[in-house]
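Please see the structure below; I have some questions.
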Amino acid sequence: MTTPLPLSFSAYARQAKASLQQALADGHKRLVIDVQNFRRTSPALLKPLLTELVTPFVAVFGTGNAGLGEIEWGEGDWLLLDGGEAMTYLDRRDWQMMLLMDASSLEMTPTQRFWKSAADKPLLMVNSWPEAPGMIGIGRGAEKERTALREQLTVVYYLQALRFQPLVIHRAYPQPWQLWYYTGATTRLLATQDLPFSTGQLKQILSQQPQVSLPERFNAFWNGPKYFQEWDS
């Protein structure tokens with residue numbers, strides 16, 4: 001089964017909502033949503049999915065700006081905390097799910113502490129910019145520790161368009177990872193597989209595709225991938 005490449009924010013929201021609902025129903029406890037974009041914050045990306053979250057929940061903002069959540073979400077059955085103050089409050093409040101917003105900006109030590117604090121409750125990491133092609137942003141630190149956490153994660157939703165090339169990496173749980181060729185005029189599924197695409201695989205597949213012109217590469221440098229220029233419009 002193929003999940004269509006979302007060509008609008010509303011299409012993304014429908015897909016991500018269904019994927020999150022399914023992952024939680026399947027009992028997964030360590031989840032991640034990693035979506036590249038240019039005009040929306042992590043709270044904005046998560047807003048259409050709030051109805052699927054286990055409440056009450058606590059949202060920890062790794063960027064140190066819980067105010068973004070207040071602007072996007074308003075009031076509800078949740079507690080919004082900046083990363084630096086979160087540990088002081090987690091044991092004092094009742095919550096059933098934890099969110100780590102802009103999780104890739106956290107240092108590895110607090111990330112591990114948050115995972116431990118979540119215990120057997122669901123923990124969802126949210127990033128508005130993937131770390132590298134096919135790589136989940138999970139905090140800064142030793143790669144051995146990062147890898148150990150990634151191995152425990154279920155990728156609920158992943159979407160990244162390569163900056164200088166017409167390739168889009170897409171994954172919507174429980175479907176496999178997909179690699180799409182996208183130019184605006186042409187959208188074509190190139191490959192699917194159960195694991196994320198490696199750098200070597202991306203280079204090999206890209207070598208078989210038409211070359212991107214210098215004007216297109218220049219435009220991508222200043223404005224980002226064409227896919228998200230249109231997706232965010």
Side-chain angles (χ1 to χ4, degrees), residues 1-26 28 31-55 57 59 61 63 65 67-78 80 97 99-104 122 124-130 133-134 136-137 154-163 165-190 192 196 219-220 223-233:
M1 180 177 180
T2 299
T3 304
L5 185 67
L7 301 181
S8 65
F9 182 78
S10 59
Y12 143 77
R14 289 192 300 270
Q15 291 183 1
K17 187 173 184 178
S19 292
L20 178 59
Q21 183 183 52
Q22 186 62 56
L24 289 170
D26 289 345
H28 293 289
L31 314 164
V32 62
I33 293 174
D34 221 328
V35 177
Q36 177 188 22
N37 71 103
F38 295 97
R39 298 187 179 94
R40 292 180 173 86
T41 64
S42 290
L45 288 172
L46 192 62
K47 185 176 181 179
L49 283 61
L50 290 178
T51 56
E52 302 306 319
L53 301 180
V54 182
T55 54
F57 68 76
F61 290 78
T63 55
N65 192 354
L68 291 175
E70 295 177 356
I71 293 172
E72 292 290 348
W73 302 345
E75 297 183 357
D77 197 8
W78 48 72
L80 309 184
M97 184 174 186
L99 310 182
L100 295 184
M101 308 300 299
D102 294 311
S104 61
L124 172 63
M125 307 180 78
V126 182
N127 292 305
S128 60
W129 191 274
I136 300 300
T154 297
V155 180
V156 173
Y157 201 87
Y158 188 97
L159 192 62
Q160 181 182 28
L162 276 65
R163 178 172 286 275
Q165 304 296 342
L167 299 182
V168 182
I169 305 170
H170 181 216
R171 200 270 167 125
Y173 177 89
Q175 302 305 319
W177 289 76
Q178 303 174 341
L179 184 64
W180 291 82
Y181 178 83
Y182 176 86
T183 64
T186 302
T187 303
R188 183 171 73 253
L189 181 62
L190 298 179
T192 62
N219 186 52
N223 299 317
K226 181 179 179 63
Y227 171 68
F228 280 106
Q229 292 176 42
E230 298 178 356
W231 189 64
D232 274 343
S233 61

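Computed from a predicted model, the values in this text were never measured in an experiment.
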Assign the ring pair Trp73 / Phe61 to parallel, tilted or perpendicular, where the plane angle (0 to 90°) is split at 30° and 60°.
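Aromatic pair Trp73/Phe61 classed tilted.
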Out of curiosity, Thr3 OG1 to Trp180 CH2, how far, rounded to the nearest 0.5 Å?
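Going from OG1 on Thr3 over to CH2 on Trp180, the span is 8.5 Å.
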Could you please spell out the steps behind the side-chain contact (heavy atoms from CB on, under 4.5 Å) verdict for Thr55 and Leu50?
CA-CA 9 Å; Thr55 54; Leu50 290 178; over 6 Å; no
For residues Arg171 and Gln175, report the shortest heavy-atom separation together with the two atoms involved.
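Nearest heavy atoms, Arg171 then Gln175: NE-O, 2.6 Å.
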Is Gln15 close to Pro4 at the side-chain level, that is, under 4.5 Å between some pair of heavy atoms?
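Pro4 reaches Gln15 side chain to side chain.
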Got a second to check how far Thr154's OG1 is from Asp26's CG, nearest 0.5 Å?
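The OG1 atom of Thr154 sits 9.0 Å away from the CG atom of Asp26.
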Residues forming a side chain to side chain contact (heavy atoms under 4.5 Å, CB included) with Ala103, sequence neighbours excluded:
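Counting only residues at least two positions away or on another chain, Ala103 forms a side chain to side chain contact (heavy atoms under 4.5 Å, CB included) with Leu100, Met125, Asn127.
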If you measure from OG1 on Thr192 to NE2 on His170, what distance do you get to the nearest 0.5 Å?
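Rounded to the nearest 0.5 Å, the OG1-NE2 separation comes out at 13.0 Å.
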So how far is it from Leu45 CG to Arg40 CZ, rounded to the nearest 0.5 Å?
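The CZ atom of Arg40 is 7.5 Å from CG of Leu45, to the nearest 0.5 Å.
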OH/Tyr181 to CZ/Arg188 distance, rounded to the nearest 0.5 angstrom?
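Going from the OH atom of Tyr181 to the CZ atom of Arg188 covers 6.0 Å.
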Is there a side-chain contact between Leu99 and Leu53 in this structure, where contact means two heavy atoms from C-beta onward sitting under 4.5 Å apart?
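Side-chain contact under 4.5 Å: yes.
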Looking only at heavy atoms, which two atoms of Ala16 and Val156 are closest? And how far apart?
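That would be O-CG1, 4.4 Å.
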CG of Asn65 to CG of Leu80: how many Å apart, nearest 0.5 Å?
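Reported to 0.5 Å precision, the distance equals 10.5 Å.
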Ignoring hydrogens and angles, tell me if any N or O in the side chain of Tyr158 forms a donor-acceptor pair with the backbone of Ile136 under 3.5 Å.
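No; judged by distance alone, with no hydrogens or angles, the pair does not exist.
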Return yes if some donor-acceptor pair links the side-chain N/O of Glu72 with the main-chain N/O of Lys47 below 3.5 Å, else return no.
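No, the answer is negative, given that no donor and acceptor are paired below the 3.5 Å cut-off.
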If we only count heavy atoms from C-beta on, is the Val155 to Asp34 side-chain gap below 4.5 Å?
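The answer is no, as the side chains (C-beta and beyond) never meet within the 4.5 Å cut-off.
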Would you check if Val168 and Leu5 make a side-chain contact, meaning some heavy-atom pair closer than 4.5 Å?
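Side chain of Val168 against side chain of Leu5, heavy atoms only: contact under 4.5 Å found.
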Quick one: are Pro43 and Ile71 in side-chain contact, heavy atoms under 4.5 Å?
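Not in contact.
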Tell me, with the steps shown, if Leu20 and Tyr157 meet side-chain contact (heavy atoms from CB on, under 4.5 Å).
CA-CA 8 Å; Leu20 178 59; Tyr157 201 87; over 6 Å; no
Any side-chain heavy atom of Tyr227 within less than 4.5 Å of one from Thr187?
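Not in contact.
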What do the steps show when you test Leu24 against Leu124 for side-chain contact (heavy atoms from CB on, under 4.5 Å), and what is the final call?
CA-CA 10 Å; Leu24 289 170; Leu124 172 63; over 6 Å; no
With distance as the sole test, does Ser42 use its side chain to make a donor-acceptor pair with the main-chain N or O of Ser128 at under 3.5 Å?
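Here the side-chain-to-backbone pair exists.
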With the side chain counted from C-beta on, respond yes when Pro48 and Phe9 share a heavy-atom pair under 4.5 Å apart, and no when they do not.
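They are in side-chain contact.
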Looking only at side-chain N and O atoms, does Gln22 offer a donor or acceptor that is under 3.5 Å from a partner on Tyr173?
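Checked: Tyr173/Gln22 side chains show no N/O donor-acceptor pair below 3.5 Å.
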Identify the heavy atoms of Leu179 and Leu189 that sit nearest to each other, and give their distance.
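Result for this residue pair: O-CD1, 3.6 Å.
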Hey, are the side chains of Met101 and Leu46 touching, using non-hydrogen atoms and a 4.5 Å cut-off?
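In short, these two side chains touch, coming nearer than 4.5 Å.
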